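Report on the following structure.
Note that the coordinates shown come from a computational prediction; the quantities given were computed from them, not determined experimentally. Every chain is numbered from 1, with letters handed out A, B, ... down the list of sequences.
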Amino acid sequence: MVASMFNAGVLRRTILVLGLLIIVVLQLFPLVWLVNFSLLKSGDFFGSDVLKWPNPFQWVNYKNAFTLGHVPAYLLNSAIVAAIVIVVTVIVSLMLSYVIARIQWKGNVVLSGLVMVCLIVPIYSTLLPNFFIFQKINLIDNYLSLILPNIAFLIPISVFIFIGFLQTTPRAIEEAAVIDGLSLLGIVFRIIMPISKPVIASVGVLAFLNTWNEFIMAITYISSDKYKTLPFSLIQFTGQYASNYGAQFAVMTLIALPSVVLYMLFTDQITNSLTAGAVKG
Amino acid sequence: MKKHLNALALIMVIVLVVSACGNNNGNSNSSPSKASDPATTATTATTATTETPDSNKKVEFKFFSNNPDRTGGQGLAEQKLIDQYMSENQNVKITVETLSPDPQFQDKLKIYNASDNVPDVTMMWGQKRYLDPLVKNNALVTFTKEDFAGQGFIDAAFDSFTLDGKIYGIPKNTDFLVLFVNKKLLADNGLEPPKTQGDLFKITEKLKGTDIVPMALDGRDSWPLALLFDAVVARQSGGFDLYHKAIDRTGSFNNPDVVASAKTIQEMVKSGMFGEGFLNLDYGGARNLFGQGKAAMYLMGEWEMGISSDANFPEDVRNNMIVIPWPASDDGKGKTTDLLAWFGGGYSVAAKTENSAEAKKFAIWLFKKENWAKTVWQNGITFPAQNYDEFKTGKETQVQNDLTNILGSATIFSGANSQDLFSTSTAKSYLDAITEMMASKSTPENFAEKIDAIADKSYKEMNP
């Protein structure tokens, strides 16, 4: 009796471990595959092997990525754009969501409605109008032509997340601060900002991932090498027909690396960001 | 409160959608009005060309290419010549913008056209559906055949860039459909390269049970399937008139030869000629299958001639590659000298830019035979639309020589392939219909009726 119970426990545990193991393998496989194929010759692709030991290792793919793919220059551009987008998005959406969540005034309903509406605007419908506008005001082919629309698309979702958080935090601290004579901006930046650090981290990560992977706006608004972002490295190796797959995989590995590292560092925040807005809408 | 919020959000959505539609209409209304004002744009174009450019004036213009890789292929040829031109003309600076793949390139070109911002020199496709919007917007300069006199152009090459008797682009390649063959793989199985379509079935039969795919075919992109269809129809009907006439509506696809061709193709699929799941095999997949020695033949255009010198593939495969034309019909009606050849790609020059005249000068220089034709041939990049005999080095690969022979011995050229002749919106349904037929989802008879209806729709769209 005891033995069978013990067995049942072991069995349950084994099944659980096995199940989790399968999930781990499924999750990790694309990454392993990506790294593996980034070290192969283009001619080895589409073969019958799922994974193939590189013989010899094609480090030249990485060399090509760095030199011909302009990875360092484009990486810098991506970093500049991402950094500005994150900072501006966080500050602006925090202020905006404070207004919507805490201050009672006439335009509140309209304002929150507007933000909600912006959530559903598809990027594609804005490409042509934005191109015309940027063209007119000389912002085309410029960091700003990437930064501004990226921020615009991130604000609604960030505000949504911030409001969800603010509605769950008690007002007592702010009331105390007002009594002690703190100004409105003071409340936002000296009280709300510190207590919403975890949410700010989630919004930051969300903004980073979105900006980092953004491509359709970049190919529409950017034409000179000077402002191209990382995804352009990838198409650098696209031929008209066949492509240099090895180098493309090397670039993809390099692009994925910051995201993977970031994900490892901020796992909790990213998971929170997915649920933060869901508590109260 | 929440209810109000929801209602408001809904109203906002509706307002937004409605106003967005309104804006769209406004835009589409405004662009034809812009186009219907040719007088002003035409005069600016002529003043630009009649202006005598000062040779010491700093000139800067943009070259828009669909080849991001500037170290190989056509990107290399472009870059070499651009660099040469800049060193010969110190006052000229040419900046290159690249974008790939082609659909993205074409989208961006549309945006440039809509905003009157077409780059000075741009990659262009010689089909009405690509040229028309730019020509209507007076965005392109015209060339005359005299501009290229003595440069050895194949006369028919300009046809696809000609609209209403005016030339809007310079053709850069001659493209034609061929069969790459791994002769050792065939010989090992006691087989010879096919001479007739019947031989193809024999090869397939013999290779059954081995791991070898008889013919690698990129079925994921539907355009190679349409080329196969063109080739089979040409052999069945003994020429290329059938689809030309069907598309310009002096004939019809609803024709016994089309039905018979579709039947032949379906038999090819059933016999396993293209291997299992070829409809999921993409361009690189099919190419690698052949390059790795896992397929005996490979159906593709001449532009893959570099495959026999691609160091990514094993040497014993590369050394045994030959090229043959698509096999003749069994009854001898369709000959191998009927060649499915077209002149798809080229360059156009923008009319509305500041340095339009200088850019035109560069484009004409680019196509002097010792520039483009020599560069692309001697670097084994592609077949120019010009005569390249005088640039032969004697070091050409077997594949290059085979291709030269096929082109040289061809007596009838198709001039265009069928899919290029359709309008933008119908080209996709045409390709889908062919894919469906090859997946045996439609009978040959249904297929013929279907593509005939598509051809009719296309004709009406292109000739309103």
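Among all heavy-atom pairs drawn from A/Ser223 and B/Tyr112, the shortest one is CB-OH, 3.5 Å. The minimum heavy-atom distance linking B/Glu97 with A/Ile222 is given by the pair OE2-O, 4.1 Å. Taking both residues in full, the closest heavy atoms of A/Phe131 and B/Ser115 are given as CE2-OG, 3.1 Å, listed atom of the first, atom of the second, then distance.
For B/Lys62, the part lying under 4.5 angstrom from a heavy atom of chain A is the side chain only. In this structure, chain B has no heavy atom under 4.5 Å from any part of A/Ser224. Interface remark: B/Ala311 contributes backbone atoms only to the contact with chain A (heavy atom separation under 4.5 Å). If you measure heavy-atom distances from A/Ile219 to chain B, the contacts under 4.5 Å come from both the backbone and the side chain. Both the backbone and the side chain of B/Thr98 come within contact range of chain A, each with at least one heavy atom under 4.5 Å from a heavy atom of that chain. Heavy atoms closer than 4.5 Å to chain A are found nowhere in B/Asp218, neither backbone nor side chain.
Separating the CD1 atom in B/Ile111 from the OG1 atom in A/Thr220 is a distance of 5.0 Å, to the nearest 0.5 Å. Separation of atoms CG (B/Leu99) and CZ (A/Phe232) is listed at 6.5 Å; rounding is to 0.5 Å. Atoms CG and CZ, on A/Leu68 and B/Arg70 in that order, are 12.5 Å from each other to the nearest 0.5 Å.
Counting heavy-atom pairs closer than 4.5 Å to chain A, the top-ranked of the candidates B/Leu281, B/Asp221, B/Asn117 is B/Asn117. Between chain A and the residues B/Asp282, B/Leu289, B/Asp107, the most heavy-atom pairs under 4.5 angstrom are made by B/Asp282.
Within 6.0 Å of CG on B/Asp316 lie more than 12 heavy atoms contributed by other residues, nucleotides or ligands.
When side chains are defined from C-beta on, A/Lys41 does not count as touching B/Asp310, because their heavy atoms never get closer than 4.5 Å.
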